[in-house]
Amino acid sequence: MTFIVSPSTMHFGEPLTLSSGAELAEYQLSFETYGELNADKSNAVLICHALNASHHVAGFYQGQENSEGWWNNMIGSGKPVDTNRFFVIGVNNLGSCFGSTGPMHVNRASGRIYGADFPVVTVEDWVNAQARLLDRLGIAQLAAVMGGSLGGMQALSWSLQYPQRVKHAVVIASAPNLTAENIAFNEVARRAIVTDPDFHGGHFYAHGVIPQRGLRIARMLGHITYLSDDVMNSKFGRNLQESDAYRYSTQEIEFQIESYLRYQGDKFSQYFDANTYLLITRALDYFDPAKPYQGDLVKALANVTAQFLLVSFTTDWRFAPSRSREMVQALVANKRRLSYAEIDAPHGHDAFLLDDPRYLRVVRSYFENIHFTDATA
Amino acid sequence: MSADFLKTTIANMVPYGSRVLDLGCGDGEVLAYLQKSHGCSGYGVEIDDDNVAACVKKDVQVIQLNLEQGLQMFEDQSFDVVLQIDTLQHLRNAETMLRETLRVARMGIITFPNFAHWFNRWSVLKGRMPVTPKLPYEWYDTPNIRVATFADFQALALKNHLHIQDAFGLDAEKTVRFWPNALASTAVFQLTGASQRTT
């Protein structure tokens, strides 16, 4: 039976002060929930999304066959994060392009579309906005907060910003900050977008165009870094698109990998907002909870009270296991409760979205041991 | 020798409420027992996927690491006890790991199969490598890459200036204190670092 879900929207009239000092006078957040909130409101699990995902975490929309939630293999009835036990919340972040207030929306103060004027948002800002959503839902404490990649950074940040509101943090294929190489990839993607003639300094909406060329290249680059060399070779190898013979063309698609990347780029450029891409990659770059402690992650995590599950994947070179081990080490040094699984999966960074049974088994077992009080039980 | 006997033997040496690091913790059985009945906390370290999953299922905190990469993740004297229950014989860097054990903890408890057990000696005298319940592998498929005797380990501890707090053997369901080098299938050592010498 297909699990049918529908999104909701919550409007917030009280201003949100951002890390930059700027203020969002008002905003809305799109979110979805799955399962039932218990009487104690103690079984809530917040799912944080990564770069190009949304609040649509699980299930399908009515009448839309291709609308599967991005973590539908992880969350649902009988899944590792079991919605028969947990009340799961997916929320779209500020600055994104799937319903929450973002650069394509009208700034009520100016009456114009935000575009490039949308304020820079950080992981910490997102967490603050998510906390307000929980306030409205009456949830004082999360049974767990969970995310992969940039979503994992939000889960980590939750345990630092609101330690008393998080019992468990599940941080998958993530890092305590980005390396120079990682920032470099983001910068190439951003330059592809802003140098697209259709970008118009971020105010392309007024010109009725979309900087699709830039978005395509940004996505192609990103996609390469989400896969491993091995998985690309096994999927595409040197296979040619048309025949066994070279066509001796520099412009035509010759290899299957080219076709795949162009397809991914085209698809992405049709649904993703260029300003959102800039904002979210910048949020990734800026995230660095150890910065106020001169890079000392042990000190940065001193106030954590949540119990952690961390998972990394051996072939993930964008968010390598060594980065997860840094977080493990800092938590161990603070004598915090944690488990860490390093899954030997071939799929690179993308593994966190896929069906590796060892990975899903560890997450399932971890959630089975998350206990909460329930007055109704 | 049953798993329960080994478990209680170990537990008897671990002070109540200790912070424990269990290197090669397997399915987490010993740590789970120490947590439940001995007020202990801490982590297991394991490389095997199935064992890591079994630990998480038992609510035993586990860190998936290859011990050949060392213990750099753990700070000096950050644990009360480090356990190496039948782990040593799988480690290429067995001596380094022994030193590391007493770097990160005040006490190390190490068990391993004693190759000088009389049955093993008899087997070698007959010309064949021993295959026993404790050493169930053939020479060509054994994961035990560091085979040692009770006496060998004493010598290694001395060489590294480690203090042997207690040392004895286990055989069947019994503690072996008389001639353990010949009469025990399993060797048990309780070590402290030289600076912690209490005698």
Side-chain angles (χ1 to χ4, degrees), chain A residues 80-81 144 167-173 296-299 301-302 306-314 316 320-346 351 356-371, chain B residues 17-32 34-36 39-83 100-101 103-106:
Chain A
V81 182
K167 282 176 74 177
H168 294 264
V170 179
V171 177
I172 296 168
D296 188 338
L297 194 62
V298 176
K299 282 190 185 142
L301 302 193
Q307 182 174 340
F308 274 73
L309 173 67
L310 298 107
V311 181
S312 73
F313 301 93
T314 49
D316 182 352
S322 59
R323 306 308 321 276
S324 282
R325 278 188 235 120
E326 285 176 41
M327 293 185 275
V328 171
Q329 180 163 7
L331 288 165
V332 166
N334 281 300
K335 300 190 177 357
R336 294 301 179 260
R337 290 173 57 80
L338 74 104
S339 280
Y340 169 58
E342 201 168 292
I343 308 289
D344 188 15
D356 190 295
R358 295 161 298 179
Y359 161 45
L360 297 181
R361 173 178 64 176
V362 162
V363 175
R364 177 186 294 276
S365 295
Y366 189 83
F367 273 88
E368 280 170 0
N369 280 316
I370 295 180
H371 304 291
Chain B
S18 290
R19 201 161 164 73
V20 178
L21 183 67
D22 186 351
L23 303 180
C25 66
D27 64 4
E29 192 65 39
V30 172
L31 261 184
L34 289 173
Q35 280 172 23
K36 279 197 194 87
C40 294
S41 61
Y43 314 99
V45 176
E46 211 2 273
I47 188 169
D48 178 74
D49 290 326
D50 290 339
N51 280 335
V52 168
C55 288
V56 173
K57 203 167 180 68
K58 285 193 182 80
D59 210 8
V60 163
Q61 299 174 74
V62 64
I63 298 171
Q64 190 163 22
L65 274 187
N66 183 350
L67 287 173
E68 300 292 1
Q69 292 166 2
L71 296 182
Q72 297 92 321
M73 180 176 282
F74 305 101
E75 292 178 353
D76 293 359
Q77 299 296 301
S78 52
F79 293 89
D80 299 310
V81 179
V82 167
L83 302 177
E100 283 285 274
T101 287
R103 175 184 68 79
V104 303
R106 279 196 290 282

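Below, chain A is the first sequence line, B the second, and so on; all start at residue 1.
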With heavy-atom distances below 4.5 Å as the criterion, would you say the side chains of I63(B) and L338(A) are in contact?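 Side-chain contact under 4.5 Å: yes.
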
State, yes or no, whether a side-chain contact exists between R325(A) and L65(B) at a heavy-atom distance under 4.5 Å.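 A side-chain contact exists here, since the closest heavy-atom pair is under 4.5 Å.
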
Mind checking side-chain contact (heavy atoms from CB on, under 4.5 Å) for R19(B) and listing every partner two or more places apart, or none if nothing turns up?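 Residues passing side-chain contact (heavy atoms from CB on, under 4.5 Å) with R19(B): K335(A), S41(B), Y43(B), F79(B), D80(B).
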
Side chain, backbone, both or neither: which part of [X] has an atom under 4.5 Å from a heavy atom of chain B?
X	value
R364(A)	neither
E368(A)	side chain
I370(A)	neither
E326(A)	neither
R358(A)	side chain

Ring pair (Phe, Tyr, Trp, His ring centres under 6.0 Å) partners of Y359(A), counting only residues at least two apart: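 With sequence neighbours excluded, Y359(A) shows a ring pair (Phe, Tyr, Trp, His ring centres under 6.0 Å) to F313(A), given in chain and number order.
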
Answer with side chain, backbone, both or neither: which region of E46(B) has an atom nearer than 4.5 Å to a non-hydrogen atom of chain A?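 Interface part for E46(B): neither.
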
Under 4.5 Å from any heavy atom of chain A, what part of I47(B) do you find: side chain, backbone, both or neither?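 Neither part; nothing is under 4.5 Å.
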
Please list, in residue-number order, every residue in residues 50-57 of chain B that has a heavy atom less than 4.5 Å from any heavy atom of chain A; write 'none' if there are none.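 Within residues 50-57 of chain B, the residues that come under 4.5 Å of chain A (heavy atoms only) are D50(B), V52(B), A53(B), V56(B), K57(B).
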
Backbone N/O of Y340(A) and side chain of Q64(B): donor-acceptor pair under 3.5 Å: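 Such a contact is absent between Q64(B) side chain and Y340(A) backbone.
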
Euclidean distance, Q307(A) CD relative to Q61(B) CD, rounded to 0.5 Å: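 One gets 5.5 Å once the value is rounded to the nearest 0.5 Å.
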
Residue pairs involving residues 69-78 of chain B (criterion salt bridge (charged side-chain N to carboxylate O under 4.0 Å, His left out); sequence neighbours excluded):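 Counting only pairs at least two positions apart or across chains, the salt bridge (charged side-chain N to carboxylate O under 4.0 Å, His left out) contacts touching residues 69-78 of chain B are D76(B)-R103(B).
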
